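Not measured: the values here are computed from a predicted model.
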Amino acid sequence: MPVKIEQIDACRWRIPREGAMRTEGLVFADQAMIEVLQKEQALEQVRNVATLPGIVGRSIAMPDIHWGYGFPIGGVAAFDPDDGGVVSPGGVGYDINCGVRLLRSELEVSEVRPRLKELADALFRNVPSGVGSHRRDLKLSVQEECKVLKEGAHWAVRNGFGRAEDLEHIEERGTLPDAEPELVSDRALERGRNQLGTLGGGNHFLEVQVVEEIHDEQAAAVLGLFAGQVTVSIHTGSRGLGYQVCDDSIRTMLRAAAKYGIHLPDRQLCCAPLTSPEGKQYLAAMAGAANFAFANRQLITHWVRETFEQVLGKGPAQLRMGLIYDVCHNIAKWEQHEVQGQKRRLCVHRKGATRAFPPHHPDTPALYRAIGQPVLIPGDMGRYSYVLVGTPEAFDETFGSTCHGAGRVLSRHAAKKQARGHNTETELAARGILVRAANRATVAEEISEAYKDVKDVVNIVAQAGIGRIVARLRPLAVIKG
DNA sequence: ATGTAC
């Protein structure tokens, strides 16, 4: 049965409160997207989230929403601990702190093109990719791994991977507080030991890009972006460790939901009150996995810089590969938000949604205070990605959140079927995009046609005012899992 | 997303 939905304006839709819903749903989309969504499960998931105890504001869906485990991917939901609010592993996702970071450079595309093949090969060699990828040169002791879980990107910088100033340009400065590695299972720790500094599979990637369009000159200048410039994007998360933390937590949360008498329209929404031991334990284990992901992206950054230096024969001062920003899109976090004129400390779940804090927010890096927090939106490997900044409207309407990517339109299976008879790598190479992949099947699953055009997604968030477009980046070389 | 089920 289709979910009842009412149009608010050109890019906003309301799912009215009914049945067990404690609040209404708010979906950012255009007419065409809603028509597609009516045939899928995702809107029902928005409605299910609205039934959870202690939800504050609305159950929110971004234009890249699609079906996920319990909560939709592309969803935002905030909960109040003082009103029975809950935390749910399904509201974060299996890849805890999956996120994106963007490195700038002082290079023009013309300088890199002649060495692009060499660069792609070297990056592919130096950053392990693919499901199950690991590093032969770095297997941590469990004791050291626990330090990674406590310290996140700080651990990486302290051990010579990257620069102190990188930390200023990471969400939460690259470390979630209150991580408790003791709450992470032996199995999760074992899975993570040799996976730090690896890309993984699926839609994760490492991309050399060129800035092809500047939409906001002033903001671009503040971020250090210019047309024709080479940038690097890294999209990955907490690998097998985060997966295992989520999987372990789901078992606990199913028991907890029953124990605390929480009605679940879908077992995959299993959760526990934020004030309960189970809720606190999940958040502490999740923070450890999130810190692993921050460290992961920081290590990869170090090897990307090293690779550029080696291949192009230039030093750090010439390349100036500074970190523009690193932002999470699968996480639950304590944040201060104003609700009906009152400041409240809420647990904001963003699952396939990106934090987009406004100008002058204290958590926006000092250098970017005037323009807002950078928001990194990857598209598909054949088209482009976007850089946005957060807005006051996002802070008011979506707990400071916006979309996270293009959003799939074809299942992995359907994409593979469509790619049959095509040589995707050759076709992309003909368009000036080099692909290096650990697995050819992954390339087939990741064809452009498998995704919405990310332009349509960011145009909606820009039109709605929950993000401001700064620049568009086109891929030159893509390292895939 | 994920040693794509232990």
Side-chain angles (χ1 to χ4, degrees), chain A residues 41-42 45 64-75 88-101 127-136 139-140 145 184-206 233-251 268 285-286 288-290 292-294 296-297 300 327-332 349-354 378 380-381 403-408 410-417 437-446 450-451 479-481:
Chain A
Q41 301 293 303
Q45 295 191 314
D64 49 336
I65 182 186
H66 51 112
W67 180 88
Y69 183 91
F71 288 55
I73 296 163
S88 174
V92 172
Y94 269 85
D95 192 2
I96 295 167
N97 189 8
C98 187
V100 187
R101 63 164 56 189
V127 183
S129 62
V131 176
S133 53
H134 59 275
R135 296 201 72 96
R136 286 169 200 280
K139 182 156 184 169
L140 300 169
E145 190 183 15
V184 172
S185 69
D186 292 343
R187 195 167 171 203
L189 291 170
E190 194 51 43
R191 287 183 74 170
R193 277 180 68 191
N194 62 359
Q195 288 194 322
L196 196 64
T198 67
L199 208 50
N203 67 355
H204 288 166
F205 63 75
L206 164 57
S233 279
I234 299 161
H235 177 202
T236 184
S238 49
R239 311 286 289 102
L241 181 136
Y243 177 97
Q244 195 61 47
V245 167
C246 178
D247 210 43
D248 294 339
S249 308
I250 281 165
R251 289 163 226 275
Q268 293 186 354
M286 185 216 71
F292 184 93
F294 280 134
N296 189 26
R297 294 194 286 273
I300 293 172
V327 70
C328 325
H329 55 228
N330 276 12
I331 202 141
H349 293 61
R350 294 192 184 90
K351 181 191 193 179
T354 314
D380 63 82
M381 63 183 175
C403 64
H404 90 304
R408 267 194 180 276
L410 294 182
S411 69
R412 293 186 183 283
H413 181 75
K416 261 192 276 206
K417 210 168 136 185
N439 186 340
R440 286 212 64 194
T442 305
V443 177
E445 289 169 2
E446 294 291 316
Y451 289 92
I479 313 303
K480 295 286 289 182

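Nucleotide dC6(B) holds its P atom 11 Å from the CG atom of D248(A), rounded to whole Å. To the nearest angstrom, C1' of dT2(B) lies 12 Å from CD of E445(A). The separation between Y94(A) atom OH and dA1(B) atom P is 14 Å, rounded to whole Å. Atom CD1 in I250(A) sits about 14 Å away from atom P in dA5(B), given to the nearest Å. The distance between atom CZ of R350(A) and atom P of dA1(B), rounded to the nearest whole Å, is 21 Å. As a whole-Å value, the separation of L241(A) CG from dA1(B) P is 18 Å. The NE2-P distance, from H235(A) to dA1(B), rounds to 7 Å in whole Å. The distance from atom CG of D247(A) to atom P of dT4(B) is 12 Å, rounded to the nearest whole Å.
Between I96(A) and I331(A) there is no side-chain heavy-atom pair separated by less than 4.5 Å.
Nucleic acid contact for G202(A): sugar-phosphate only, since backbone atoms but no base atoms lie under 4.0 Å from a heavy atom of the residue. Nucleic acid contact for G93(A): none, since no nucleic acid atom lies under 4.0 Å from a heavy atom of the residue. In this structure, Q195(A) reaches the sugar-phosphate backbone alone: every heavy-atom distance under 4.0 Å involves primed, P, OP1 or OP2 atoms, never a base. Residue G201(A) is in sugar-phosphate contact alone, with no base atom involved, counting any heavy-atom pair closer than 4.0 Å across all strands shown. If you check every strand for non-hydrogen atoms under 4.0 Å, H204(A) touches sugar and phosphate atoms only.
Listed by first and then second residue, the side chain to side chain donor-acceptor pair (under 3.5 Å) pairs that reach into residues 236-245 of chain A are D95(A)-S238(A), S133(A)-R239(A), R191(A)-Q244(A), T198(A)-R239(A), Q244(A)-D248(A), sequence neighbours excluded.
Proximity of N203(A) to the phosphate of dA1(B): a side-chain N or O atom is located under 4.0 Å from OP1 or OP2. At least one side-chain nitrogen or oxygen of R239(A) sits closer than 4.0 Å to the OP1 or OP2 atom of dT2(B).
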For this session: Please test E446(A) against R408(A) for salt bridge (charged side-chain N to carboxylate O under 4.0 Å, His left out), starting from the C-alpha separation and ending with a verdict.
Result: CA-CA 9 Å; E446(A) 294 291 316; R408(A) 267 194 180 276; 3.0 Å; yes

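Classification of R193(A) and E190(A) as a salt-bridged pair holds, one side-chain N sitting under 4.0 Å from a carboxylate O.
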Per-pair distances, 0.1 Å, donor-acceptor, side chain in residues 64-71 of chain A, under 3.5 Å, sequence neighbours excluded:
| from | atom 1 | to | atom 2 | distance (Å) |
| --- | --- | --- | --- | --- |
| D64(A) | OD2 | H404(A) | N | 2.9 |
| D64(A) | OD2 | H404(A) | ND1 | 2.5 |
| D64(A) | OD2 | G405(A) | N | 2.9 |

